[in-house]
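Only one structure is covered here, and it is reproduced in the block below.
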Amino acid sequence: MKILPHKRIAPWSYLATLLAVHFVFVILYLTAIFRIPFGQMFAVQCTSFLLVLISACILFIKNNGDPAVQTFRFLIISVTQLLGYLSTSLALIYTDQTTELVLYLLSLSLSVLILQTSYLVRRLK
């Protein structure tokens, strides 16, 4: 099974897609849908984007385009991000942060995971 050249996963396209999700959540913060302090929102955004950068490194470093290897990399990315987001959520909960901050992180993580999964699956078709 060959991957068509126009369907290849490019690092800049991948990062731009997930950066757009983060940008939308900054807009949601600016429109006061989430009433949390700027420093906390920025910390959650940085944590989430760090997880996205780690997943991009897993996906694109030494990638030869083999579909079987790609599938294994997608599994590793999913597990890494799920564990990262869950541990961050638990850290926020156990340090008695506001419910809005935890919901902000959970909604951001859910959006990133859904968009990333649809992006990767569409590129593999």
Side-chain angles (χ1 to χ4, degrees):
M1 176 172 149
K2 285 190 173 182
I3 297 176
L4 300 175
H6 68 280
K7 293 270 191 172
R8 290 189 64 97
I9 301 169
W12 304 116
S13 172
Y14 174 77
L15 288 174
T17 302
L18 296 180
L19 184 63
V21 174
H22 288 82
F23 181 70
V24 166
F25 273 83
V26 169
I27 297 297
L28 290 175
Y29 166 78
L30 292 175
T31 58
I33 291 177
F34 292 100
R35 288 184 171 83
I36 52 179
F38 177 78
Q40 291 178 342
M41 183 276 304
F42 186 71
V44 166
Q45 286 278 345
C46 288
T47 302
S48 178
F49 198 69
L50 178 66
L51 288 170
V52 168
L53 287 177
I54 290 170
S55 69
C57 289
I58 292 170
L59 186 59
F60 294 110
I61 292 180
K62 293 186 179 182
N63 189 354
N64 61 4
D66 182 22
V69 175
Q70 289 281 40
T71 305
F72 188 65
R73 286 177 187 245
F74 295 159
L75 178 64
I76 291 171
I77 287 171
S78 298
V79 169
T80 302
Q81 284 186 338
L82 281 172
L83 289 175
Y85 283 126
L86 287 175
S87 63
T88 306
S89 298
L90 284 174
L92 291 177
I93 290 169
Y94 285 130
T95 57
D96 290 329
Q97 300 296 321
T98 62
T99 304
E100 281 191 340
L101 183 64
V102 175
L103 289 177
Y104 183 83
L105 174 66
L106 289 176
S107 58
L108 176 63
S109 64
L110 182 64
S111 299
V112 165
L113 291 171
I114 288 173
L115 191 69
Q116 173 183 279
T117 302
S118 68
Y119 177 83
L120 294 175
V121 168
R122 293 176 115 212
R123 294 293 177 174
L124 267 187
K125 264 185 164 178

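The structure displayed is predicted, hence computed values, not measured ones. Values reported hereafter were calculated over all heavy atoms of this structure, with side chains retained and with hydrogens, waters and symmetry mates removed.
- At a threshold of 4.5 Å between non-hydrogen side-chain atoms, the residues L15 and L53 count as touching.
- Using a 4.5 Å heavy-atom cutoff, the side chains of I36 and Q97 are not in contact.
- In this structure, Y104 contributes its side chain and V44 its backbone to no donor-acceptor pair below 3.5 Å.
- Taking OH of Y119 as the start and CG of L18 as the end, the distance is 8.5 Å to the nearest 0.5 Å.
- Rounding to the nearest 0.5 Å places CD1 of I76 at 11.0 Å from OG1 of T71.
- The two atoms that bring I58 and I77 nearest to each other are CG2-CG1, 3.9 Å, heavy atoms only.
- Here the options are T98, T99, L103, the test is side-chain contact (heavy atoms from CB on, under 4.5 Å), and the partner is L101; only T98 passes.
- A chain of hydrophobic side-chain contacts below 4.5 Å, direct or via other Ile, Leu, Val, Met, Phe, Trp or Tyr residues, connects F49 to W12.
- A distance of 8.5 Å separates OG1 of T117 from CD of Q81, quoted to the nearest 0.5 Å.
- In this structure, Y29 contributes its side chain and F38 its backbone to a donor-acceptor pair below 3.5 Å.
- Hydrophobic cluster of L110: the remaining members, joined at side-chain heavy-atom separations below 4.5 Å, are I114, listed by chain and number.
- Here the straight-line distance linking atom CG of L106 with atom OG1 of T88 works out to 10.0 Å at 0.5 Å rounding.
- There is a side-chain donor-acceptor pair under 3.5 Å between S48 and Y85.
- Looking at every heavy atom in both residues, Q45 comes nearest to F25 through NE2-CB, 3.5 Å.
- For the pair E100 (side chain) and F34 (backbone), a donor-acceptor distance under 3.5 Å is absent.
- With values rounded to the nearest 0.5 angstrom, L28 atom CG is found 8.0 Å from S107 atom OG.
- Shown here is F60, whose CZ atom has more than 12 heavy atoms of other residues, nucleotides or ligands within 6.0 Å.
- Here the OH atom belonging to Y14 is positioned 12.0 Å from the CG atom belonging to L19, to the nearest 0.5 angstrom.
- Side chains of V52 and Q116 form no contact here, defined as non-hydrogen atoms less than 4.5 Å apart.
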Determine whether H22 and V112 satisfy the following criterion, side chain to side chain contact (heavy atoms under 4.5 Å, CB included), listing intermediate values before the conclusion. CA-CA 8 Å; H22 288 82; V112 165; 3.9 Å; yes
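- Cluster annotation: L83 and L108 are assigned to distinct hydrophobic clusters (Ile/Leu/Val/Met/Phe/Trp/Tyr, side-chain heavy-atom contacts under 4.5 Å, transitive).
- The hydrophobic cluster analysis finds L86 isolated: no Ile, Leu, Val, Met, Phe, Trp or Tyr side chain comes under 4.5 Å of it, directly or through other members.
- With hydrophobic clusters built from ILVMFWY side chains whose heavy atoms lie under 4.5 angstrom apart, L90 does not share a cluster with L51.
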